[in-house]
There are 2 protein chains.
Amino acid sequence: MENIKEDRRIRRTKKLLKQALAQLMDEKDFKDITVKDITDRADLNRGTFYLHYTDTYDILNKIENEILENIQSMINQDMEKTDTTNNTSVPALKPIAEYIVENADICRCLINNKASVDFLDKLQSLIYDNCSDIIKRRHNVKDSRRNEYYFSFITFGIIGMMKKWLEFKPMASAEEMVILADQVMKYSASALK
Amino acid sequence: MENIKEDRRIRRTKKLLKQALAQLMDEKDFKDITVKDITDRADLNRGTFYLHYTDTYDILNKIENEILENIQSMINQDMEKTDTTNNTSVPALKPIAEYIVENADICRCLINNKASVDFLDKLQSLIYDNCSDIIKRRHNVKDSRRNEYYFSFITFGIIGMMKKWLEFKPMASAEEMVILADQVMKYSASALK
DNA sequence: CAGTTATTAAACTATATGTTGATTATAATG
DNA sequence: CATTATAATCAACATATAGTTTAATAACTG
């Protein structure tokens, strides 16, 4: 991903800029956040921003991608050590839910962010990529146009559920959400016949 | 809604500005569209834009709201003439699907618009407002935290399904989507017990 | 330590924003 | 049709942000 190891100053700068943006997104709409806002908050020169990012959408995009990469690598780690054959649930849901509950603030911020549906789309792809195969196998589903509608329904549905999950404080546990998601997925899969 | 009847010039101007924005959104990201872009395309003076809207997000917001008002009034009309008691489906789905298929271009544009999740959220609220009561009654569901997750799942799921629906050309018929949506809703409602 | 490289500060151009005041064009009304 | 009201235009202006560039300084790497 990153070319081995970046200069410590670069790591520091990028971290400060990302923290500053996350802070600002809690305070106002992303669309109203300027490069100057970010560098002021990070206490860095404005020019420094342009050494690493092209504009505010670029840094947002990179934050989103990192989150998704983190989730994906958690899924991969979990898959290695877990036996999926006799499992009744969809295995990827657990690491996803655990990541979200551990990083609730930033996930809530990105999911509800009015500036961009990118994160929702990316998250949906991640869920699809990691869940569709196993559902297809369990329910003996073959590829069809109709089933594409179904998978779009279910992957978006999971996102909607997580969105609601993030609204309540204190949040329900990851285990609870995994069980509920599994259940809803299983039942709605009956519609496939 | 609007104070009786606007000046014909105002109606014309607003229409031109909205058409121009819709065109531009097909061509590039909303975030890259400026007021000047819109007025150039509409062949109007830039100052004229500010007589009606505060900025590009304002006009987008108003376009979104009009679409949703149109859908809502279609639902209301349909509800009046349809007997809902012995109906097995969720009645609001039909007018929603019919509106979307009739206005596929603008709906696709707004649903996929990377600039704002507002439309998705508003559409979700509309679906929730018009569908949740009847589902609750049919399945004898009482209000609970758990069921809020479920309703968030199902309303987002429907949006995901419609999103997929809008991707294929030629689009499936409204009837087909209503039947599928109804079915998936019904089966996933079993998870409520 | 020596060489490399990131950050800074300042300046600069270009462009978008939002507003204002005077003028012209168009619509509503009796 | 003539009058009145008001919308749209045009030009100009102040402000803000976006990007880029330069030389000087600071910090890191090996």
Side-chain angles (χ1 to χ4, degrees), chain A residues 1-64 66 113-116 118, chain B residues 1-64 66 113-116 118:
Chain A
M1 202 91 285
E2 339 222 317
N3 22 0
I4 305 162
K5 199 87 176 168
E6 284 171 321
D7 189 311
R8 186 193 301 167
R9 288 167 294 180
I10 297 181
R11 288 200 304 274
R12 175 180 172 275
T13 297
K14 286 188 175 176
K15 191 174 172 185
L16 287 171
L17 291 171
K18 286 176 201 160
Q19 283 174 347
L21 177 56
Q23 268 184 36
L24 288 163
M25 284 177 73
D26 264 342
E27 296 168 21
K28 56 177 170 177
D29 280 359
F30 177 81
K31 71 176 171 63
D32 298 321
I33 297 172
T34 66
V35 173
K36 188 172 178 302
D37 286 337
I38 298 172
T39 52
D40 278 358
R41 180 66 61 103
D43 203 19
L44 291 169
N45 189 274
R46 190 169 62 88
T48 308
F49 179 93
Y50 293 104
L51 296 173
H52 304 290
Y53 306 105
T54 61
D55 54 31
T56 56
Y57 290 88
D58 184 41
I59 182 170
L60 174 63
N61 200 40
K62 280 171 178 160
I63 290 176
E64 291 178 353
E66 276 168 36
N113 170 23
K114 291 198 189 309
S116 164
D118 270 4
Chain B
M1 207 101 289
E2 340 220 318
N3 24 358
I4 306 163
K5 199 89 176 169
E6 285 171 320
D7 189 310
R8 186 193 302 165
R9 289 167 294 181
I10 297 182
R11 288 200 304 274
R12 175 180 172 275
T13 297
K14 286 188 177 176
K15 192 174 171 184
L16 286 172
L17 290 171
K18 286 175 200 160
Q19 283 174 347
L21 177 57
Q23 269 185 34
L24 287 163
M25 284 176 75
D26 264 343
E27 296 167 21
K28 57 177 171 178
D29 280 0
F30 177 81
K31 71 177 169 64
D32 297 321
I33 297 172
T34 65
V35 173
K36 189 173 179 301
D37 286 336
I38 298 172
T39 51
D40 278 356
R41 181 65 61 101
D43 203 20
L44 290 169
N45 190 275
R46 189 169 64 85
T48 306
F49 179 93
Y50 293 103
L51 296 174
H52 305 290
Y53 306 105
T54 61
D55 54 31
T56 57
Y57 290 88
D58 184 40
I59 182 170
L60 174 63
N61 200 40
K62 280 170 179 159
I63 291 175
E64 290 178 353
E66 277 168 36
N113 170 24
K114 292 198 191 305
S116 165
D118 270 3

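Naming convention: chains lettered A, B, ... in sequence-line order (proteins, then strands); numbering from 1 in each chain. Predicted model only: the values in this text are computed from it and were never measured.
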Fill in: Side-chain donor-acceptor contact under 3.5 Å, B/Asp37 with B/Thr34
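Distance-only check passes for B/Asp37 and B/Thr34.
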Discussion item. Does A/Lys31 qualify as a cation-pi partner of B/Tyr57, given the criterion of NZ or CZ under 6.0 Å from the six-membered ring centre and within 45 degrees of its axis?
Written reply: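 Geometry flag: set, cation within 6.0 Å and 45°.
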Which whole-number value in Å describes the distance from [X] [atom1] to [N] [atom2]?
{"X": "B/Ile10", "N": "D/dA8", "atom1": "CD1", "atom2": "C1'", "answer": "10 Å"}
{"X": "A/Arg12", "N": "D/dA27", "atom1": "CZ", "atom2": "C1'", "answer": "10 Å"}
{"X": "B/Tyr50", "N": "D/dA7", "atom1": "OH", "atom2": "C1'", "answer": "18 Å"}
{"X": "B/Lys14", "N": "D/dA8", "atom1": "NZ", "atom2": "C1'", "answer": "14 Å"}
{"X": "A/Lys36", "N": "C/dT17", "atom1": "NZ", "atom2": "P", "answer": "19 Å"}
{"X": "B/Asp40", "N": "C/dT15", "atom1": "CG", "atom2": "C1'", "answer": "13 Å"}
{"X": "A/Asp37", "N": "D/dA16", "atom1": "CG", "atom2": "P", "answer": "13 Å"}
{"X": "A/Leu44", "N": "C/dA9", "atom1": "CG", "atom2": "P", "answer": "10 Å"}

Worksheet item: So, are A/Arg41 and A/Glu27 salt-bridged, with charged N and O less than 4.0 Å apart?
Response: yes
Worksheet item: Is A/Asp32 paired with A/Lys28 through a side-chain N to carboxylate O contact shorter than 4.0 Å?
Response: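 So A/Lys28 does not pair with A/Asp32 through a salt bridge.
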Fill in: Minimum-distance nucleotide to A/Arg46 side chain [options: C/dG18, D/dA8, C/dA11]
C/dA11
Worksheet entry | Which nucleotide in C/dT17, C/dA27, C/dT8 has an atom nearest any side-chain atom of A/Asn45 |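 Side chain of A/Asn45 sits closest to C/dT8.
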Using a cut-off of 4.0 Å on non-hydrogen atoms, how would the nucleic acid contact of [X] be classed: base, sugar-phosphate, or nothing?
{"X": "A/Leu51", "answer": "base"}
{"X": "A/Asp7", "answer": "sugar-phosphate"}
{"X": "B/Arg9", "answer": "base"}

Worksheet item: When the nearest nucleotide of DNA chain C is assigned to B/Thr34 and to A/His52 on a heavy-atom basis, which residue is associated with the more 5' position?
Response: A/His52
Discussion item. Measuring to OP1 and OP2 of D/dA27, would you say a side-chain N or O of A/Arg8 lies under 4.0 angstrom away?
Written reply: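 No, A/Arg8 has no side-chain N/O under 4.0 Å of OP1/OP2 on D/dA27.
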Practice prompt. Please state whether the phosphate of C/dA6, meaning OP1 or OP2, lies under 4.0 angstrom from any side-chain nitrogen or oxygen of A/Thr48.
Written response: no
Worksheet item: Could you state the interatomic distance from CD (A/Glu6) to NE2 (A/His52), rounded to the nearest 0.5 Å?
Response: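 Rounded to the nearest 0.5 Å, the CD-NE2 separation comes out at 8.0 Å.
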